[in-house]
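Okay, so here's the structure we're looking at.
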Amino acid sequence: MMTEASIAPGPNDGRAADRQRMLDEIIAIASESVENHPAVALDPGVLSVMRRVPRHEFVPGVRRHAAYRDSPLDIGDGQTISQPFMVALMTSLLHLKPSDRVLEIGTGCGYQTAILAELAGEVFTVEIVESLAKRAATMLKHMGYANVHTRIGDGNSGWPEAAPFDCIIVTAAPDRMPDAIVAQLKEGGRMVIPVGGNEQTLKVVTKQGGGQISEGDIMPVRFVPFTRDAG
Ligand code: SAH
């Protein structure tokens, strides 16, 4: 877990007001969504981290002006950086503790990774697109996140050597619930994942003592597809 002092805080980077606006938008979307999807809930601890992590640093230069809009952004290689509301919601649903070991599948630009690293003990993150993985790893290191482990590879196999995990977050959508990844969740652990083809649903998976799995639906979502290594 990072301390407040260990990352350049917002106030001096000239983007604090932009971040506050982004937070206001996230909170507004959450309160609209909760009418139809009562499981939508944001954690104030997550919002306070998002108030200071410099999202624009993770966004490629040409898109940086839009870094604090509450929308997904193109990050190259046909991939997108998730909408800030979705980052806030998915992270909130994990109920992270400072001692947690977390697996993230789909590092993308690394912004979600940074939010996890602020709130959890250790983060293991896998990205299949090499250029994105390298760029995110460089940025996370540059920002001082010593508790993040990055890997280039196919997240379909999770990260077996570091399993089991207290929490798992998947930021691309597989057609079906991936059993190999659920298997890497600790008893008592939680996973947040979008599942489905054209119609996707954000789900929370919990594993009880004895390994029993239960699933809850949060809301309909749109994520890039969870791909599979051709080789
Ligand atoms: N959370 C990130 C990324 C969102 S896009 C962000 O906000 O920036 C989803 C990412 O999942 C993409 O970068 C995509 O390349 C990656 N991805 C898709 N299938 C994958 C797989 N099988 N293994 C690892 N990463 C995958």
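Both counts, for ligands and for their atoms, begin at 1 and track the order of listing.
Just one of Val129, Ile128, Asp154 meets the side chain to side chain contact (heavy atoms under 4.5 Å, CB included) condition when paired with Thr227; it is Ile128. When the options Ile75, Asp74, Thr171 are evaluated for a side chain to side chain contact (heavy atoms under 4.5 Å, CB included) with Ile81, the one that passes is Ile75.
Legend: residues meeting side-chain hydrogen bond (donor to acceptor under 3.5 Å, both in side chains) with Asp100, ordered by chain and number and at least two apart, are absent.
Atom CD1 of residue Ile168 and atom CG of residue Leu185 lie 4.5 Å apart, to the nearest 0.5 angstrom.
A heavy-atom cutoff of 4.0 Å around ligand 1 is satisfied by the protein residues Gln79, Thr80, Ile81, Ser82, Ile105, Gly106, Thr107, Gly108, Cys109, Gln112, Val126, Glu127, Ile128, Val129, Leu132, Gly153, Asp154, Gly155, Asn156, Thr171, Ala172, Val224, Pro225, Phe226, Thr227.
Aromatic ring pairs are classed by plane angle as parallel below 30°, tilted from 30° to 60° and perpendicular above 60°; the pair Trp159 and His149 is perpendicular.
Between the side chains of Thr150 and Glu127, no donor-acceptor pair of N or O atoms lies under 3.5 Å.
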